[in-house]
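Every value quoted in this text rests on a predicted model; they were computed, and no experiment measured them.
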Amino acid sequence: MRHLFVLDPIPLINPSKDSSVALMQAAHRASIGVWVCTTSDLQAQASTSWAIASHVIPEPWLQQGEPEACQLIDFDCIWMRKDPPVDAAYLYATHLLELAERDGVRVVNKPSSLRAWNEKLGALRFSSFMAPTFVGSRVTALASFAREQGEVVLKPLGGKAGQGVIRVAKSAPGLEALLELVTDQERLPVMIQRFLPAVLNGDKRILLVDGKPLGAVNRRPKRGDFRSNLAVGGTPEATELSSVENEICEQIAPALRENGLFFVGIDVIDGILSEINVTSPTGIREVERLMGIPLADQVIDCLLNSLS
């Protein structure tokens, strides 16, 4: 059995923190051959798709073979684990991976769903679990929503890891000017949500595998910040799921399964759904370290069961 991981360039990856590395190492422990490439290595001619990929031994990190041309149909599973942004190069890569999917290769997550489920907008499918939210590009409408809610956060729809997220009060001077800036003079829509003060106690990342929550970690913002993302200084903490959080997972699970979203990370603040992360969810290392759960091995086991 062989799995291909489509990743960012290997030199940019920190193996001690990276969830993709955890999955690669778990696959290796399951006697699965692990191969890696970048989105730039994907190619196609006529109906045949392949990658210039390298065989790796990921544990201990890293032994890597010479790149060679491999037909995608020869892999049992392809993991699309390229980090955002979901730009043109990312989207074209999903189309190339779809060629392999049509030939019967399992792609995690499903390429068409990676295109369809924007990580901010995807949560709107379950808006009853969310804080009051508005999406648009018109400054007047955004400012009106901000003043109704009192204090809000602005989120760029293409952002990642808390980058570009802004907290602003309705009385902030220059609110309209700020909205002009974040919408690029009303050319780009943004998401605006009521600010949840409970985020200062943490933002819970819950990892779902085939719709089932297998692990979670609470991320507490650093002093002086409201963003809890680990990439901007948040601190991970051990946690358990509440009944409300379990209910959210149960409600969204059928849609995730239906859309081929096998490995997903949702963000929940005080029982309120914030985002649904489908591109390259993180948090495996933190869950394993803080909760004592062999999460990566469980993910691979679930995948193998679904392939059998």
Side-chain angles (χ1 to χ4, degrees), residues 1-13 18-58 62-119 122 158 209-210 256-264 278-281 296 299-308:
M1 180 169 283
R2 303 200 309 172
H3 286 195
L4 174 65
F5 288 77
V6 183
L7 306 164
D8 290 296
I10 290 291
L12 302 180
I13 294 174
D18 194 87
S19 291
S20 296
V21 174
L23 291 168
M24 292 162 61
Q25 292 173 339
H28 176 69
R29 289 192 291 271
S31 299
I32 296 169
V34 177
W35 294 69
V36 299
C37 73
T38 69
T39 55
S40 299
D41 295 316
L42 298 172
Q43 303 177 5
Q45 185 172 3
S47 61
T48 302
S49 56
W50 67 90
I52 307 302
S54 300
H55 180 243
V56 299
I57 298 176
L62 173 79
Q63 299 178 52
Q64 183 169 355
E66 292 297 319
E68 56 185 279
C70 304
Q71 289 195 38
L72 297 186
I73 197 173
D74 291 333
F75 291 100
D76 300 278
C77 179
I78 301 173
W79 294 82
M80 178 50 161
R81 293 287 302 175
K82 169 72 175 68
D83 283 341
V86 180
D87 54 13
Y90 186 101
L91 292 174
Y92 293 146
T94 66
H95 286 289
L96 290 169
L97 292 175
E98 210 161 24
L99 294 175
E101 185 181 51
R102 290 169 187 163
D103 286 331
V105 180
R106 178 73 175 272
V107 181
V108 178
N109 286 317
K110 187 176 179 66
S112 60
S113 293
L114 290 175
R115 296 193 295 270
W117 285 63
N118 175 276
E119 297 192 331
V209 180
D210 199 22
L256 298 181
R257 295 191 188 102
E258 180 182 350
N259 287 274
L261 294 169
F262 177 80
F263 184 53
V264 170
V278 302
T279 51
S280 57
V299 174
I300 296 299
D301 286 345
C302 287
L303 180 67
L304 295 179
N305 289 336
S306 70
L307 291 172
S308 60

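No hydrogens or angles considered: a donor-acceptor pair under 3.5 Å links the side chains of Q43 and W50.
Of the possible polar contacts, one joining the D41 side chain to the T38 backbone as a donor-acceptor pair under 3.5 Å is found. Remark: the backbone N or O of N259 is paired with a side-chain donor or acceptor of S113 at under 3.5 angstrom. E119 places a side-chain N or O within 3.5 Å of a backbone atom of V278 that can act as its donor or acceptor partner. Side-chain atoms of N109 come within 3.5 Å of backbone atoms of F263 as a donor-acceptor pair (strictly under, hydrogens ignored).
Checked against ring-ring contact (aromatic ring centres under 6.0 Å, His included), H55 has the following partners two or more places apart in sequence or in another chain: W35. Taking the side chain to side chain contact (heavy atoms under 4.5 Å, CB included) definition, one finds that A22 meets it with I284, R285, A296, sequence neighbours left out. Legend: residues meeting salt bridge (charged side-chain N to carboxylate O under 4.0 Å, His left out) with D8, ordered by chain and number and at least two apart, are K82. Residues satisfying the side chain to side chain donor-acceptor pair (under 3.5 Å) test with S49, not counting sequence neighbours, are none. For R115, the side chain to side chain donor-acceptor pair (under 3.5 Å) partners at least two apart in sequence or on another chain are T94, E98.
You'll find the side chain of V108 reaches within 4.5 Å of the side chain of C77, heavy atoms only. Residues P84 and S280 form a side-chain contact, since some pair of their non-hydrogen atoms from C-beta on lies under 4.5 Å apart.
Of all the heavy atoms in D103 and S47, the pair that sits closest is OD2-O, 4.2 Å. The two residues M80 and Y90 come nearest to each other via the heavy atoms CE-CE1, 3.6 Å. Nearest heavy-atom pair, W79 versus H3, reported as atom, atom and distance to 0.1 Å: NE1-ND1, 3.2 Å. A53 and C70 get closest at one heavy-atom pair: CB-SG, 4.4 Å. The two residues L23 and V299 make their nearest non-hydrogen contact at CD2-CG1, 3.7 Å.
With rounding to the nearest 0.5 Å, the separation of CD in Q25 from CG in L62 is 9.0 Å. For the atom pair CG (L97) and CG (L99), the distance works out to 8.5 Å, reported to the nearest 0.5 Å. Between the CZ atom in R2 and the CG atom in D76 there is a gap of 8.5 Å [rounded to 0.5 Å]. Between D83 atom CG and I13 atom CD1 the span is 8.0 Å, to the nearest 0.5 Å. The structure places CZ of R257 at 11.5 Å from OG of S306, a figure rounded to the nearest 0.5 Å. Going from atom CG of L114 over to atom CG of L261 covers 7.0 Å, rounded to the nearest 0.5 Å.
Relative to the six-membered ring of F262, R106 meets both conditions, a distance below 6.0 Å and an angle of at most 45° to the axis. Geometrically, R81 does not engage F5 in a cation-pi contact, judged by NZ or CZ lying under 6.0 Å from the ring centre and within 45° of the ring axis.
Residue pairs meeting the salt bridge (Lys or Arg N to Asp or Glu O under 4.0 Å) criterion with at least one member in residues 29-39, sequence neighbours excluded, are R29-E59, R29-D297.
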Checklist entry - When you look at L42 and I52, which way does the side chain to side chain contact (heavy atoms under 4.5 Å, CB included) test go after all the steps? => result CA-CA 7 Å; L42 298 172; I52 307 302; over 6 Å; no
Checklist entry - Would I57 and H28 satisfy side chain to side chain contact (heavy atoms under 4.5 Å, CB included), going step by step from the backbone distance to the final call? => result CA-CA 7 Å; I57 298 176; H28 176 69; 3.8 Å; yes
